[in-house]
Amino acid sequence: CLCACQMIAHAETSHFNLTLFDAHVNLLRTQTEAMSAALAGVDSMTVTPFDQAYESPNEFSERIARNQQLLLKEEAHLNRIVDPAAGSYYIENLTVSIAKQAWELFLQVEEEGGMTEAVKAGRIQEAVNGSNKARHEAVSKRKEILLGTNQYPNFTELAGEKSPLTSACCCGNENEESDTEFASLNTDRAASEFEALRLQTEHSGKRPKAFMLTIGNLAMRQARAQFSCNFLACAGYEVIDNLGFPSVEEGVKAAINAQADIIVLCSSDDEYAEYAVPAFKALDGRAMFIVAGAPACMDELKAAGIENFIHVRVNVLDTLKEFNAKLLK
């Protein structure tokens with residue numbers, strides 16, 4: 001009977017993009033993934049509870065996970081349509097692209113001796129771990145956004161007793177230095193390094209305070225203050241925004257009175273040539289000084305002793321690690 005040869009497709013939502021902070025955003029991630037699986041026509045699915053990254057799922061989170069599937073069935077009625085994505089150029093073109101690349105990988109593995117030989121040689125693990133590394137790098141540079149973790153974090157959220165749960169492959173091989181037969185896969189979640197950074201801040205008992213010294217062009221200072229607040233809050237820092245100061249001296253004085261550990265100068269590129277050095281000198285090493293942006297005069301500012309710049313091209317994770325090393329001594 002050919003029915004015995006029919007493939008049964010089961011889908012499970014990803015563990016890779018679950019987060020400990022702002023964990024209820026996980027519901028949006030898993031719901032999107034469940035919808036994608038339903039559009040693909042899988043035979044069955046498992047929706048991961050939103051709290052699985054940091055605790056054993058409880059009755060509430062498991063009930064919500066079950067209800068997520070029921071929403072797609074009872075309210076979106078995806079079970080009543082044979083092919084909900086039919087006619088969508090975007091989805092059909094993407095499906096063909098994925099299928100083509102998957103088939104090419106399948107043929108390549110077969111030519112190299114099959115899946116077992118590829119796993120024994122470590123080629124599968126190398127490819128998967130390479131993809132994992134690239135995804136982590138994209139998250140660290142904000143090329144891939146994890147809402148609430150590397151972008152737009154909840155400024156006041158604390159982990160409290162929550163801590164990330166570790167995972168390992170079924171053979172118990174947790175690292176590649178193990179003397180088991182096969183190399184292992186890296187199963188670290190995308191948010192793991194940002195979470196470790198923020199937990200380091202929280203557990204240090206010292207929450208650095210970042211003060212926005214906003215001055216000059218109204219639109220630019222507001223935009224850069226918002227960018228800087230989101231940037232620094234990803235490490236769990238307390239951020240203090242301001243409407244603006246008439247002079248750098250008044251801004252520095254207000255920051256010192258607020259007992260700020262960090263002062264971020266927020267203005268336009270053109271005005272940094274005027275404001276940055278006087279502000280840096282007025283601060284006189286009493287707090288970390290940061291310029292928000294990458295102005296054309298950056299080399300001149302560095303020559304004057306200013307070391308720290310934050311902008312869209314920096315590696316957010318590496319930069320925050322450097323700040324933590326200086327601030328949490």
Are [X] and [Y] linked, directly or through other ILVMFWY residues, by side chains that come within less than 4.5 angstrom of each other?
X	Y	value
V139	L18	no
L327	F211	no
V312	V314	yes
L213	I310	no
I240	L283	yes

*ILVMFWY clustering at 4.5 Å (side-chain atoms), partners of L328*: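 Once heavy-atom contacts under 4.5 Å are chained together, L328 still belongs with nothing else.
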*For M45, what are the other residues in its hydrophobic cluster, where any two members join if their side-chain heavy atoms are less than 4.5 angstrom apart?*
V42, V47
*Check L78 against M35 and note the closest heavy-atom contact, atom names and distance.*
CD1-CG, 4.2 Å
*Might you point out which heavy atoms bring L72 and A76 nearest each other, and give the distance in Å?*
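It is O-CB, 3.4 Å.
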*Side-chain donor-acceptor pair present, T214, N242, cut-off under 3.5 Å*: no
*Strictly by modelled atom types, are S14 and E33 linked by a side-chain donor-acceptor pair under 3.5 Å?*
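No pair is found: no donor N or O on one side chain lies under 3.5 Å from an acceptor on the other.
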*Report yes if some heavy atom in the side chain of K321 is under 4.5 Å from a heavy atom in the side chain of L317; otherwise report no.*
yes
*Is the shortest heavy-atom distance from the side chain of H24 to the side chain of I64 under 4.5 Å?*
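Side-chain contact under 4.5 Å: no.
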Which side-chain N or O atoms in residues 89-100 pair as donor and acceptor under 3.5 Å with protein atoms at least two apart or in another chain?
unit_1, atom_1, unit_2, atom_2, d
E92, OE2, G87, N, 3.0
T95, OG1, I91, O, 2.7
S97, OG, Q101, NE2, 3.3

Any pair with a residue in [range] that passes salt bridge (charged side-chain N to carboxylate O under 4.0 Å, His left out), sequence neighbours left out, goes on the list, sorted by first then second residue, please.
range	result
residues 197-226	R224-D269
residues 133-152	R135-E144, E137-K141
residues 276-298	none

*Judged by atom type as modelled, is there a donor-acceptor pair below 3.5 Å linking the side chain of T48 to the main-chain atoms of T13?*
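Answer holds: yes.
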Please indicate whether [X] has more than 12 foreign heavy atoms, meaning atoms of other residues, nucleotides or ligands, lying under 6.0 Å from its [atom1].
X	atom1	value
K326	NZ	yes
E104	CD	yes
Q226	CD	no
L107	CG	yes

Quick one: side chains of residues 287-301, donor-acceptor pairs under 3.5 Å with protein atoms, not counting sequence neighbours, listed by atom name and distance.
none

*Not counting sequence neighbours, which residues clear side-chain hydrogen bond (donor to acceptor under 3.5 Å, both in side chains) with S268? List them please.*
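Counting only residues at least two positions away or on another chain, S268 forms a side-chain hydrogen bond (donor to acceptor under 3.5 Å, both in side chains) with E271.
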*For Y237, side-chain hydrogen bond (donor to acceptor under 3.5 Å, both in side chains) partners two or more places apart*: N324
*Mind checking what makes side chain to side chain contact (heavy atoms under 4.5 Å, CB included) contact with F155, not counting sequence neighbours?*
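Here the qualifying residues are P153, C229, N230, A233, V239.
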*Please list, chain by chain and in numerical order, all residues satisfying side chain to side chain contact (heavy atoms under 4.5 Å, CB included) with N132, sequence neighbours excluded.*
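Side chain to side chain contact (heavy atoms under 4.5 Å, CB included) check on N132 returns F16, H136, N186.
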*Hey, can you tell me if W103 and F106 have their rings parallel, tilted or perpendicular (30° and 60° cut-offs)?*
parallel
*State which residues pass salt bridge (Lys or Arg N to Asp or Glu O under 4.0 Å) with R189; sequence neighbours excluded, sorted by chain then number.*
E195
*How long is the gap from CG on N217 to CG on D270, to the nearest 0.5 Å?*
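Going from CG on N217 over to CG on D270, the span is 9.0 Å.
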